[in-house]
Every structure is written in structure tokens, then in C-alpha cells.
Amino acid sequence: MNRLITLPHLAAGTDLAFLALRLGVGAFLVWGVWDNITSAEHMATFVAFLRQFGFPMPELLAPFDVWLQFAIGVLFVLGLATRWAGLACALNFVVAIVMVDHLQGWRGSFGSQCLVLIGLVLATHGPGRFSVDRMLERR
């Protein structure tokens, strides 16, 4: 009866679940900033957004944040430096919640909250077996 409640056999899929998580979140992060990377107009809009919410030096912070999110996304997809990328992801979206998303309430900040938690999970658990990190660990 305990096995029916706890479903221990599902643990066999842990590495595939971490791969799916990394691929999905990584692709989302890359997709989410791609317009800012490829369009000066979109980047200018993001600079204005940061200025509106009182971020310091938005002309420097906007491209930094865009490229940081892009790098985190790529690192998640590859499973490379995953723990560092997870920490950076969590910190980045804590800042987003504190500076902007908290104004939208629980529901409005839920996406950023999820990215904080996913970052923490990847930082503490690592990328799983199907990753560059795992290949590096074996050497």
C-alpha cells in the first residue's frame, strides 16, 4: 500500500524530468529575451521599463539582464554550469519580484516565483544525467 501512495518507481524518470525542465525553461528564457537581442527598439523599450520602475543605470542594466537571461537559458539547455545558472536565475527573478512583480500580486508574480524556485532546484539538485556537467564530472 505504501508504494501505491509514494510511487517510488517514478524516481527512475528523474534524469529525463530534469532534462525536460532544463530544456523547457532554458528555451523559454532564450525566447523571452530574443526580441531585445535582435531589436534596438525592443531594447530601448526595456530600458524605459526599467527606468519607470526605478532601476539604477537602466542603459547598462537592460542589456546586462537580457544577456544574463540568454546565457542562463543556454546553460540550462546544455546542462553546463547548471548550479551557477540556477543561482543566477533565482537571484535575477527575486530582483524582478522585489522591483516590479510584487505590484501585480501573487498571481502576477507567479511566473517569476516559479523561475526563482526552478533556479533553486537546479542549483541544489544539479542538471541530471543528460548534461554537459555530468560529462565533465566523469572526467
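Positions are given from 1, in the same order as the sequence printed here.
- Hydrophobic clustering keeps L117 apart from V100 (ILVMFWY residues linked when any side-chain heavy atoms are closer than 4.5 Å, directly or through intermediates).
- Hydrophobic clustering, with ILVMFWY side chains joined whenever heavy atoms are under 4.5 angstrom apart, keeps W106 apart from F93.
- Environment of CZ in F130: crowded, with over 12 heavy atoms of neighbouring residues, nucleotides or ligands closer than 6.0 Å.
- Residue W84 is found in a hydrophobic cluster whose other members, listed by chain and number, are L87; membership requires side-chain heavy atoms under 4.5 Å apart, directly or through intermediates.
- When every heavy atom of P58 is checked against every heavy atom of V47, the shortest pair comes out as CB-O, 3.6 Å.
- Using modelled atom types, no side-chain atom of R83 and backbone atom of L122 make a donor-acceptor pair closer than 3.5 Å.
- Hydrophobic clustering (ILVMFWY, side-chain heavy atoms < 4.5 Å, transitive): V74 and L136 are in one cluster.
- Here the side chain of S39 pairs no donor or acceptor atom with the backbone of N36 at under 3.5 angstrom.
- Under the 4.5 Å side-chain contact rule for hydrophobic residues, V25 and F110 do not share a cluster.
- Listed by chain and number, the residues in a salt bridge (charged side-chain N to carboxylate O under 4.0 Å, His left out) with E41 amount to none (sequence neighbours excluded).
- Here T45 contributes atom OG1 and L50 contributes atom CG; the two are 11.0 Å apart, rounded to the nearest 0.5 Å.
- Shortest non-hydrogen contact noted between F76 and R22 is O-NE, 2.7 Å.
- If you take CZ on R129 and CD on E137, they are separated by 13.0 Å, rounding to the nearest 0.5 Å.
- Residues meeting the ring-ring contact (aromatic ring centres under 6.0 Å, His included) test with F53, sequence neighbours left out: F49.
- Residues forming a side-chain contact (heavy atoms from CB on, under 4.5 Å) with L60 (at least two apart in sequence, or on another chain): M57.
- Nearest approach of A85 to L75, heavy atoms of both residues: CB-CB, 3.9 Å.
- Separation of atoms CD (E59) and CZ (R51) is listed at 4.5 Å; rounding is to 0.5 Å.
- V94 and V116 make their closest contact through N-CG2, 3.6 Å (heavy atoms, listed as atom of the first residue, atom of the second, distance).
- H42 meets the side-chain hydrogen bond (donor to acceptor under 3.5 Å, both in side chains) test with D35; sequence neighbours excluded.
- Residues L68 and A88 come closest through the heavy atom pair CD1-CB, 4.3 Å.
- With hydrophobic clusters built from ILVMFWY side chains whose heavy atoms lie under 4.5 angstrom apart, W34 shares a cluster with L78.
- Between M135 and D133, every side-chain heavy-atom pair lies at or beyond the 4.5 Å cut-off.
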| task | Could you walk me through whether R134 and V132 pass the side-chain contact (heavy atoms from CB on, under 4.5 Å) test, one step at a time? | result | CA-CA 5 Å; R134 184 60 60 96; V132 175; over 6 Å; no
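- Under the ring-ring contact (aromatic ring centres under 6.0 Å, His included) criterion, F64 pairs with no residue at all, not counting sequence neighbours.
- The two residues Q113 and S109 make their nearest non-hydrogen contact at NE2-OG, 2.6 Å.
- Of the inter-residue distances, the one linking I97 atom CD1 with L103 atom CG reads 12.0 Å to the nearest 0.5 angstrom.
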